[in-house]
Amino acid sequence: MNTPVPDPVIGTTIDRRYLIEDRIARGGMASVYRGLDYRLERPVAVKIMHPHLAEDAQFTSRFIQEARQAAQLSHPNIVNVFDQGQDGPLTFIVMEYL
């Protein structure tokens, strides 16, 4: 029987602002977590690039470019991007939680 490996990001605070509460999705480039924005006291979705990819400058650049492009869009069917940044080895995008 396989024992699930605990996610080391859950329960941590990123950028002294975003509490990571639970993982809600995992993809090839990043995982998405339900979080809490301490400053604005609201739920958020935090997309965190997988650490092994964050070591690659090209992947990191693409990830940041994705955040910038998404932040410029405004449409009721597109999730709003609130923030983007790096905290130590973590590269992240903070989005509206739906």
Side-chain angles (χ1 to χ4, degrees):
M1 183 182 254
N2 290 337
T3 304
V5 177
D7 190 319
V9 178
I10 295 174
T12 63
T13 299
I14 294 177
D15 205 26
R16 297 185 319 229
R17 181 172 179 178
Y18 306 106
L19 172 65
I20 304 302
E21 297 176 321
D22 192 28
R23 187 170 65 196
I24 54 178
R26 181 174 169 82
M29 192 173 183
S31 292
V32 179
Y33 298 86
R34 179 176 48 84
L36 175 68
D37 179 342
Y38 285 129
R39 189 176 303 157
L40 298 176
E41 299 178 346
R42 66 179 173 186
V44 292
V46 183
K47 184 175 185 179
I48 301 175
M49 180 186 287
H50 296 315
H52 68 281
L53 295 176
E55 295 173 3
D56 183 320
Q58 185 177 17
F59 276 106
T60 300
S61 178
R62 284 180 35 206
F63 192 78
I64 292 168
Q65 187 62 30
E66 172 190 335
R68 288 181 180 149
Q69 290 173 343
Q72 293 176 11
L73 301 174
S74 178
H75 189 277
N77 295 334
I78 298 175
V79 173
N80 289 312
V81 173
F82 297 143
D83 195 8
Q84 178 280 319
Q86 291 184 283
D87 187 355
L90 302 177
T91 302
F92 63 91
I93 300 171
V94 180
M95 302 168 286
E96 175 180 22
Y97 178 74
L98 301 175

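Listed by first and then second residue, the side-chain hydrogen bond (donor to acceptor under 3.5 Å, both in side chains) pairs that reach into residues 52-76 are K47-E66, sequence neighbours excluded.
Atom-to-atom distance recorded for D37:CG and L19:CG is 10.5 Å, nearest 0.5 angstrom. Atom CD of residue E96 and atom CZ of residue F82 lie 5.0 Å apart, to the nearest 0.5 angstrom. Rounding to the nearest 0.5 Å gives a distance of 5.5 Å between OH of Y33 and CZ of R23.
When all heavy atoms of A67 and Q84 are compared, the pair lying nearest together is CB-CG, 3.7 Å. Residues P89 and A54 approach most closely at O-CB, 3.8 Å, considering heavy atoms. Contact record, H50 with S31: CE1-OG, 3.3 Å, taken as the closest heavy-atom pair. Across F92 and Q86, no two heavy atoms sit closer than the pair CE2-N, 3.6 Å.
The shortest distance between side-chain heavy atoms of F63 and M29 falls below 4.5 Å. V46 places none of its side-chain heavy atoms less than 4.5 Å from the side chain of Y97. Annotation: side chain of L36 is not in contact with side chain of Y18 (no heavy-atom distance under 4.5 Å). Counting only heavy atoms from C-beta outward, the side chains of V81 and I93 approach each other to under 4.5 Å.
A side-chain contact (heavy atoms from CB on, under 4.5 Å) with I48 is found for one member of I14, T91, V32, D87 and no other, namely I14.
Residues L90 and V44 share a hydrophobic cluster, clusters being chains of Ile/Leu/Val/Met/Phe/Trp/Tyr side chains in contact below 4.5 Å. Under a hydrophobic clustering in which Ile, Leu, Val, Met, Phe, Trp and Tyr are joined whenever their side-chain heavy atoms come within less than 4.5 Å, directly or via other members, I64 and F59 fall into different clusters.
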Could you walk me through whether L40 and R17 pass the side chain to side chain contact (heavy atoms under 4.5 Å, CB included) check?
CA-CA 9 Å; L40 298 176; R17 181 172 179 178; 3.5 Å; yes
